[in-house]
There are 2 protein chains.
Amino acid sequence: MERTLARDAVERVGYAVEVSGWVHRVRNLGGVVFIILRDRSGMIQLVTDKEFNHPVESVITVRGVVSGNEKAPGGYEIAIESFKILAEAESDLPIAVNQDPESLSLEAILDNRMISLRNPKILSIFRLQAACVKAFADFFRGEDFTQIKTSKIIGGGSEGGTNLFSMDYFGKTAYLAQSPQLYKQTMVSSGLERVFEIGHAYRAEKHETPRHINEYVSLDIEMGFIDSEKPLMEIERRFMAYLFETVRRENPAELEAWNASVPDPESCAGIPIIPHDEAKAIFKAETGRRALDINPEAERVLCDWAEREHGIPMMFINEFPRRKRPFYTYPDGNKTMSFDLIFRGLEITTGGRRINEYSMFKEALKKFGMTEDELGSYVDVFKYGCPPHGGFAIGLERITQKILGLANIKEATLFPRDRKRVSP
Amino acid sequence: MERTLARDAVERVGYAVEVSGWVHRVRNLGGVVFIILRDRSGMIQLVTDKEFNHPVESVITVRGVVSGNEKAPGGYEIAIESFKILAEAESDLPIAVNQDPESLSLEAILDNRMISLRNPKILSIFRLQAACVKAFADFFRGEDFTQIKTSKIIGGGSEGGTNLFSMDYFGKTAYLAQSPQLYKQTMVSSGLERVFEIGHAYRAEKHETPRHINEYVSLDIEMGFIDSEKPLMEIERRFMAYLFETVRRENPAELEAWNASVPDPESCAGIPIIPHDEAKAIFKAETGRRALDINPEAERVLCDWAEREHGIPMMFINEFPRRKRPFYTYPDGNKTMSFDLIFRGLEITTGGRRINEYSMFKEALKKFGMTEDELGSYVDVFKYGCPPHGGFAIGLERITQKILGLANIKEATLFPRDRKRVSP
């Protein structure tokens, strides 16, 4: 008999079906046993008047007839005619799978990652994350961007060289890339003009905060033939609207599991663009204190302000001072053609126009105390005709975290890496 | 004026347009200068009776009126009314961009990667590769698979531990993952049941062959509730048909650039499934020599045989002996429920059913001289109810190489990593 998924069983009332999945919960009511079976599509109640002595999380295949039952979760159940154990679970499950994970500490969730991921609420985070990845790829493909895959092992630290993980590469020292920055610029100038990459990025930072991990997925774009950061903010604004629209349509169950919602896609048109200086002034007006920088507290205050004044808890901050941005950022006096996007109190994007003229590139290197030799053949990108261009990167885990309202970014990472955690 | 792409200019005959791109070629015919302009969409001829003294690869923006011209490549040209230099190229271009790369050595192509990628024929490899990535994601999403992103930094060498790159992780030794194997099994047992990942994999092998690189993109799937390798071969067969169909439809230009073609999608239904022993017998019958193993020569002979006998240069080889497969492969006597897929003389996939029962898992560890401790919490996947499952991985660069008929896998890698090459 062909397998029926739990969500489809409800359409087979009166028929015999075969379902397979995990034993999510067992209730023995003296003579009648109710079992909740969990599969990739959802859950369905099974009922039997025989004994059922198998631990939760055992994997079973069941045959029986579907009927409506108002008292059953979801309104349907299957009366077990026969069943087979595909894999019997041990009975000492380290953490509960069938309870709200609220009662578990982050440590318990991550220390028992193989099991905690089975919790439907926790697993729903990664269904939503997959939807974000798809939305990103679909949107930018639709805008004529080509997907690229660039190396994560690099010979030198071309973005400045701090906070790099080092590795042994056949007896030489190599590094893990902190971003695909130089490669995506290369691919703009290759003639693809518009590229995106979905790949890992590595930062050997000793942070211990709810917003940092040492390995993350970076949603990167880079595009040619733009002469300021404005078109970048515009395309990101349209992407955010597309993402929110997609998530509303495709992921209502995941949003509901976390009691979360996304901003109205239409309100993305109103995301304010606030110059860095002005953002600091808003912080001062809101708190009475001076902001030395746009720190996490300021990001929260500014998003609250944007929600109140513009109806959306997001803000583009542009015109960052030159000393706060990497050497390749396009200067505009003492400022730069760069921006961040903050969302619900967290920076989720950094981007900007990049230097493309060779002469300006050489000046910038000098200003930042770097040499052409350090950058190797990357210099060729600018030496032999590079169009005006720019791009940005969105942190996948950060946007997942903020859509669902998760307290810690590690919750939005399947197997997070931090200073202490390098497994599972 | 809004930018018009080269491919769209042909629809604007008689109108003034603005085009932007790279100076691909300049021909000065005494009084008239013909310039081929290259952008992401293609090329268009520009013509002027004024001087034009800018090196090839300079980036320019041009305004002028479009007209038909039978002698122009593509049949249209733009008479330059005005132009602006966006980025002047230096005149000492290290390798030619506007010639067939046939004349360049692989070393020259890779040593000058920033420039060689501008060659339209070389760049077309990566347009095709992007199409393969999209086809993979689209097909498996359509089969209810969820995309995952798993860590590439691992605490131990859980697949056996040889050929791993090691790195410094905050004072401790960690490794780069050689595959997402253990993680994708975790995600099957998490309840997602069907998962795919598009990510880097690392092998610290000292190979120096046209088919090996040390960092590659692995197209991985894993699925639950299958009890042999057969459904895996069946879904891969359908994927290959989908891929070939997509490439034929979407990438005729890339195929033409390399004078390449893909097998008829319908012929994928006839990909033979040949047990390992029988494959060796076919090799012997074809060559008169005994095959100790399915080596590269045997892969070529077998694909030729399949093309002759089954009309497609592909073959599934299954029933590999146990000693040739990793510890987690599901045994079947002395053989295993495993398979390879070979295509045009190259192994492009390895896969199989995996052990899911905890008791069998423990036996396998013992047989392979491993302990539960070595595997850490990965063991929990099997201890607490894991459905029968299996999966496979396709090498993205290998399938790109074989579709286009490239001599070396490094040609199909944007920034290849080999023993000597760690930049650009």
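- When the shell of 6.0 Å around NZ of A:Lys121 is examined, it contains more than 12 heavy atoms from other residues, nucleotides or ligands.
- Using a distance-only test at 3.5 Å, with no hydrogens or angles considered, no donor-acceptor pair links the side chain of B:Asp39 to the main chain of B:Leu5.
- Both the backbone and the side chain of B:Leu192 come within contact range of chain A, judged by heavy atoms closer than 4.5 Å.
- Interface residue A:Pro388: only side-chain heavy atoms are found under 4.5 Å from chain B.
- For the options B:Ser190, B:Ser116, B:Ser41, heavy-atom pairs under 4.5 Å to chain A are most numerous at B:Ser190.
- What you find for A:Asn98 and A:His24 is that their closest heavy atoms are ND2-O, 2.8 Å.
- Of the listed residues B:Met167, B:Arg40, B:His200, B:Arg3, the one with more heavy-atom pairs under 4.5 angstrom with chain A than any other is B:Arg40.
- Residue with the most contacts toward chain B among A:Asp418, A:Ile122, A:Asp111, A:Ile85: A:Asp418 (heavy-atom pairs, distance under 4.5 Å).
- Using cut-offs of 30° and 60° for the angle between ring planes, the B:Phe136 and B:Phe196 rings count as perpendicular.
- With respect to chain A, the highest number of heavy-atom pairs below 4.5 Å among B:Trp22, B:Phe126, B:Phe382 belongs to B:Trp22.
- Side chains of B:Thr413 and B:Glu397: a donor-acceptor N/O pair is absent below 3.5 angstrom, by distance only.
- Shown are B:Glu57, B:Met114, B:Glu90; of these, the side-chain contact (heavy atoms from CB on, under 4.5 Å) with A:Lys383 is made only by B:Glu90.
- Looking at B:Lys134, the atoms closer than 4.5 Å to chain A (heavy atoms on both sides) sit in the backbone and in the side chain alike.
- With a 4.5 Å cut-off on non-hydrogen atoms, B:Tyr384 touches chain A through its backbone and its side chain both.
- Looking at A:Arg421, only its backbone comes within 4.5 Å of chain B, counting heavy atoms on both sides.
- Looking at A:Ser189, both its backbone and its side chain come within 4.5 Å of chain B, counting heavy atoms on both sides.
- Heavy-atom distances place both the backbone and the side chain of B:Leu93 under 4.5 Å from chain A.
- The greatest number of non-hydrogen atom pairs below 4.5 Å with chain A, out of B:Ser58, B:Ala174, B:Cys386, is found for B:Cys386.
- Chain B forms the most heavy-atom pairs under 4.5 Å with one residue out of A:Arg141, A:Gln129, A:Gln147, and that residue is A:Arg141.
- Using cut-offs of 30° and 60° on the angle between ring planes, the pair A:Tyr169 and B:Phe165 is parallel.
- Not one N or O on the side chain of B:Arg118 forms a donor-acceptor pair closer than 3.5 Å with the backbone of A:Gly191.
- Relative to the ring axis of B:Tyr358, B:Lys362 places its NZ or CZ within 45° and under 6.0 Å from the centre.
- Ranked by heavy-atom pairs under 4.5 Å with chain A, the list B:Asn356, B:Val133, B:Asp144, B:Thr61 is led by B:Asp144.
- In this structure, the portions of A:Val381 lying under 4.5 Å from any heavy atom of chain B include both its backbone and its side chain.
- In terms of modelled atom types and a separation under 3.5 Å, the side chain of B:Arg194 and the main chain of B:Glu143 share a donor-acceptor contact.
- For A:Glu205, the part lying near chain B is the backbone, with the side chain staying farther off; criterion is any non-hydrogen pair under 4.5 Å.
- There is no contact between B:Ile213 and chain A, counting heavy-atom distances below 4.5 Å.
- When the candidates A:Glu357, A:Arg419, A:Lys206 are compared by the number of heavy-atom contacts under 4.5 Å with chain B, A:Arg419 comes out ahead.
- When atom types are taken as modelled, the side chain of A:Glu193 and the backbone of A:Phe225 share no donor-acceptor pair closer than 3.5 angstrom.
- Across all non-hydrogen atoms, the minimal contact from B:Thr150 to B:Ile148 is CG2-CD1, 3.8 Å.
- Counting only residues at least two apart or in different chains, salt bridge (charged side-chain N to carboxylate O under 4.0 Å, His left out) contacts with residues 145-155 of chain B comprise B:Lys152-B:Glu197.
- With a 4.5 angstrom heavy-atom cutoff, A:Asn119 does not touch chain B via any of its atoms.
- Considering every non-hydrogen atom in both B:Thr173 and B:Ser166, the closest pair reads CG2-CB, 4.0 Å.
- Contacts of A:Ile153 with chain B are made by both backbone and side-chain atoms, with heavy-atom separations under 4.5 Å.
- Neither the backbone nor the side chain of A:Val195 comes within contact range of chain B; no heavy atom of the residue lies under 4.5 Å from a heavy atom of that chain.
- The part of A:Thr186 that comes within reach of chain B is its side chain, from C-beta onward, which places non-hydrogen atoms under 4.5 angstrom from that chain.
- The backbone N or O of A:Thr4 lies less than 3.5 Å from no partner atom in the side chain of A:Asp8, so there is not a single donor-acceptor pair.
- Counting heavy-atom pairs closer than 4.5 Å to chain B, the top-ranked of the candidates A:Ser91, A:Ala89, A:Gly171, A:Pro416 is A:Ala89.
- With a 4.5 Å cut-off on non-hydrogen atoms, A:Leu176 touches chain B through its side chain but not through its backbone.
- Most heavy-atom pairs under 4.5 Å with chain A: of the set B:Arg127, B:Lys172, B:Glu88, this distinction falls to B:Arg127.
- Of the two parts of A:Asp227, neither the backbone nor the side chain holds a non-hydrogen atom closer than 4.5 Å to a non-hydrogen atom of chain B.
- Judged by distance alone, the side chains of A:Asn163 and A:Tyr202 never bring a donor and an acceptor atom under 3.5 Å apart.
- Interface remark: A:Tyr216 contributes no atoms to any contact with chain B (heavy atom separation under 4.5 Å).
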